[in-house]
Amino acid sequence: MSKQTDDFFKQVVSHAKEYGFVFPSSEIYDGLSAVYDYGQLGAELKNNLKQYWWKAMVQLHENIVGIDAAIFMHPTTWKASGHVDGFNDPMIDNKDSKKRYRADQLIEDKITRYETDGKADKAQQLQTDLDAALNDDDLPRLKAIIEEHGIVCPVSGTKNWTEVRQFNLMFSTQMGASAEDAETVYLRPETAQGIFVNFLNVQKSGRMKVPFGIAQIGKAFRNEVIARQFIMRMREFEQMELQFFVRPGTELEWYEKWKEIRLKWHLSIGGNPVKYRYHDHVKLAHYANAAVDIEYEFPFGFKEVEGIHSRTDFDLKQHQKFSGKKLQYFDPEINQNYVPYVIETSIGLDRLFLTVLCNSFEEQDLSTGDKKDARSVLRFHPTLAPVKAAVLPLTKKDGLPDKAREILGRLKMDYNVQYDEKDSIGKRYRRQDAIGTPFCITVDYQSLEDNTVTLRHRDSMEQERVAISDLNRIVDDLVGWKNMLAAL
RNA sequence: GCGGAAGUAGCUCAAUUGGUAGAGCGAUAGCCUUCCAAGCUAUAGGUUGCGGGUUCGAGACCCGUCUUCCGCUCCA
């Protein structure tokens, strides 16, 4: 990361904290690693992003509906999805080479070596020990085996090992009041499974016909080994996902379609097109037959914001297998029963939030001649802005505040608006710029005579004279959802 | 998780070899002001991340710990 972009990112982060967008979690206790809270303005912005996504996906598509599944799910869900096995590896580090290995693989390698050396007995015995230890999840035993057999690090050649540790990316907790019969349940590491297990419920109760989609916005939790870069990778995060069910054989067609739709959506929130790109996955996950990321160029480089995966029928088939329930669809057009294929689009909402911040923030130089001047401005799309308008009396005397509050009273029925009478009018404009308010409405002496006000625009800093009676209509045209949605 | 760096007011930073923690911006209450910040007066806000140690005395030195950043590693 260059010095310049590094400074820019630091500015964005401190601006986010200074103006109430994002705070470190439980900061008075030193914070909690990789957990953040959204403040008064951050919550508004995040809610607007969610609403925009939901409207664009659910409201605009006849064949997409939204659900809200619980964070807790039956433990078997995660066996079926592969999360229990896939993320339960016993790891060990060599302190000299700083390399990390899977403990069971180190031992497997040793077994192979015994075999090639013709020590079949030893190999057999070690295999038995290993299987027993893995079966019992006995981590100290694994460490003991490594020590007993003098296994060394392939890189450093030393036996200077750490303890064997289990790396499971899923958070777990106990369900059930008493400790004896409590059951271990997980905090979901992805929202997708809540959709898959409800596939039939939604399909039948909603009379859905393939192709159709189920959308969901919700929290997910991953116990990341390392989590860094502000809200890029958090332990508790929010996803916005669509699982789109299609007839087998048509999935790649739909995959291409969703790739296009989703990029267009990102561009519609005001992003600079050169900052977005597709990044195809070379190595595909076990469940996918095509996968691409939509990446955004953050100050620290291109990073994934949204993933679009062709998940085949892997998930539904797994749940069929583990639950013993049929998860199939009868397609009247071709008179066939089948397990639908799935195209997934999955956004990290917190990352999306960060792209919007990075995209919008500017330290603008307004110097003219010898007069130095600058402002911090967040150029949010007006529809997404946390505060839509500020109503400002030019001075706080002569009845101007009363008139301003009257206008405020009408606007606040429809929008999040602010009132401010402190300090000079210029300073108040700048304060609103800093939180990204697209419009300021200023009440002056003329307003008292002819019921007009000035409407000041954040981006151009220009102002126009408008009638108070026209305000609701004008503001609605500028910040309503219609504009954004029509552009899709 | 390993290695390196850092942590002082809401933000950006000061504080001679260890000797009474300050400034600018921001905020609050006023004054001034008829449309683009930094004018005037006053005020608030810090056990220097936290805990321990050395010392007559620690923001500074030592140990531990937490958090953040950078690199490596990891990322179904």
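Predicted model, so just to flag it, every value in this text is computed and none were measured. Computation of the quantities below employed the complete heavy-atom set of this structure, encompassing side-chain atoms and omitting hydrogens, waters and symmetry-equivalent molecules. The sequence lines fix the lettering, A, B, ..., with proteins before strands; numbering per chain opens at 1.
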Pairwise P distance, B/A14 and B/A9 [rounded to whole Å]
12 Å
When A/Val35 and A/Arg222 are each assigned the nearest nucleotide of RNA chain B, the 5'-most assignment goes to A/Val35
>> Could you tell me how far B/U12 sits from B/G26 if I compare only their P atoms? Round to whole Å.
In response: 15 Å
Notebook entry, point to check: If we take the P atom in both B/G24 and B/U67, what is their distance in whole Å?
Noted result: 35 Å
Atom C1', compared across B/A27 and B/G10: separation rounded to whole Å: 8 Å
Rounded to whole Å, CG of A/Asp420 lies from P of B/G26 at a distance of 14 Å
Distances under 3.5 Å between protein N/O atoms and the N/O atoms of nucleotides 49-52 of chain B, please, pair by pair.
from  : atom 1 : to      : atom 2 : distance (Å)
B/G49 : O2'    : A/Asp30 : OD1    : 3.2
B/G49 : N2     : A/Asp30 : OD2    : 3.2
B/G49 : N3     : A/Asp30 : OD2    : 3.3

If you count the non-hydrogen atoms of other residues, nucleotides and ligands that lie under 6.0 Å from NZ in A/Lys412, is the total more than 12?
no
Which whole number of Å gives the distance between the P atom of B/C32 and that of B/U41? 15 Å
Would you give me the side-chain donor-acceptor pairs under 3.5 Å for residues 352-360 of chain A, sequence neighbours excluded?
from     : atom 1 : to       : atom 2 : distance (Å)
A/Thr355 : OG1    : A/Leu352 : O      : 2.6
A/Asn359 : OD1    : A/Tyr296 : OH     : 3.3
A/Ser360 : OG     : A/Val356 : O      : 2.5

> Cut-off 3.5 Å, side chains only: do A/Ser81 and A/Gln193 have a donor facing an acceptor?
Replying inline: no
Looking only at B/U12, B/U67, B/C74, the nucleotide nearest the A/Ser14 side chain is B/U12
- Any idea how A/Phe196 and A/Phe245 line up, ring-wise: parallel (<30°), tilted (30 to 60°), or perpendicular (>60°)? perpendicular
Side-chain polar contacts of residues 382-400 of chain A - donor-acceptor pairs under 3.5 angstrom, sequence neighbours left out - could you list them?
from     : atom 1 : to       : atom 2 : distance (Å)
A/Thr383 : OG1    : A/His381 : ND1    : 3.4
A/Thr383 : OG1    : A/Val479 : O      : 3.4
A/Thr383 : OG1    : A/Gly480 : O      : 3.3
A/Lys388 : NZ     : A/Pro382 : O      : 3.4
A/Lys388 : NZ     : A/Thr383 : O      : 2.7
A/Lys388 : NZ     : A/Ala385 : O      : 2.7
A/Thr395 : OG1    : A/Lys397 : N      : 3.4
A/Asp398 : OD2    : A/Tyr445 : OH     : 2.4

Residues passing the side-chain contact (heavy atoms from CB on, under 4.5 Å) test with A/Ile67, sequence neighbours excluded, are A/Ala69, A/Ile195, A/Asn198, A/Val202, A/Ile214, A/Gln216
To the nearest angstrom, the CZ-C1' distance between A/Phe230 and B/C70 comes to 17 Å
Stems in RNA chain B, runs of 3 or more consecutive Watson-Crick or G-U wobble pairs with both distances under 3.5 Å, sorted by first number, are B:1-7 with B:66-72, B:10-13 with B:22-25, B:27-31 with B:39-43, B:49-53 with B:61-65
Q | B/G57 versus B/G52 - spacing of their P atoms, nearest Å | A | 15 Å
Review point. Does A/Lys17 have a side-chain nitrogen or oxygen under 4.0 Å from the phosphate oxygens OP1 or OP2 of B/G10?
Key: no
Whole-Å distance, A/Lys303 NZ to B/C75 C1', equals 11 Å
Q) So A/Phe230 and A/Phe9, would you call those rings parallel, tilted or perpendicular, with 30° and 60° as cut-offs? A) perpendicular
Ranking A/Tyr19 and A/Pro189 by the position along RNA chain B of their nearest nucleotide, the one closer to 5' is A/Tyr19
Testing B/C36, B/G10, B/G30 for proximity to the side chain of A/Arg430, the answer is B/C36
| task | Could you measure between the two P atoms, the one in B/C13 and the one in B/G49, and give it in whole Å? | result | 15 Å
Sugar-phosphate, base or nothing in reach of A/Ala374, heavy atoms under 4.0 Å = base
- Message: If we count only N and O atoms by modelled type, under 3.5 Å, do the side chains of A/Asn289 and A/Ser310 hold a donor and an acceptor together?
- Response: yes
*asked:* Between A/Tyr186 and A/Thr77, is there a side-chain donor-acceptor contact under 3.5 Å, judged purely by atom types and distance?
replied: no
Taking 4.0 angstrom as the limit, do A/Arg428 and A/Asp420 come out as a salt bridge? no
Discussion item. Say we look at B/G64 and B/G1: how far apart would their P atoms be, to the nearest angstrom?
Written reply: 16 Å
Self-check item: Aromatic ring proximity, centroids under 6.0 angstrom, A/Phe361 and A/His15
Solution: yes
Atom CZ of A/Arg428 and atom P of B/U28 are separated, to the nearest Å, by 12 Å
Rounded to whole Å, CD of A/Glu27 lies from C1' of B/G10 at a distance of 10 Å
Can you tell me if the side-chain N/O atoms of A/Arg431 get under 4.0 Å from OP1 or OP2 in B/A27?
yes
Separation of B/C72 atom P from A/Gln229 atom CD, nearest Å, is 11 Å
Taking NZ, NE, NH1 and NH2 as the nitrogens, is one of them in A/Lys17 or A/Glu27 under 4.0 Å from a carboxylate oxygen of the other? yes
Can you give me the N/O atom pairs linking the protein to nucleotides 32-35 of chain B at distances under 3.5 Å, or say none if there are none?
from  : atom 1 : to       : atom 2 : distance (Å)
B/C35 : O2'    : A/Gln463 : NE2    : 3.0
B/C35 : O2     : A/Tyr429 : OH     : 2.5
B/C35 : O2     : A/Gln463 : OE1    : 2.8
B/C35 : O2     : A/Gln463 : NE2    : 3.3
B/C35 : N3     : A/Thr454 : OG1    : 2.8
B/C35 : N4     : A/Asp444 : OD2    : 2.9
B/C35 : N4     : A/Thr454 : OG1    : 2.8

So NE2 of A/His279 and CG of A/Asp293: to nearest 0.5 Å the spacing works out to 7.0 Å
In whole angstroms, the gap separating P of B/A38 from CD of A/Glu363 amounts to 17 Å
A/Arg233 atom CZ is separated from B/C69 atom P, nearest whole Å, by 12 Å
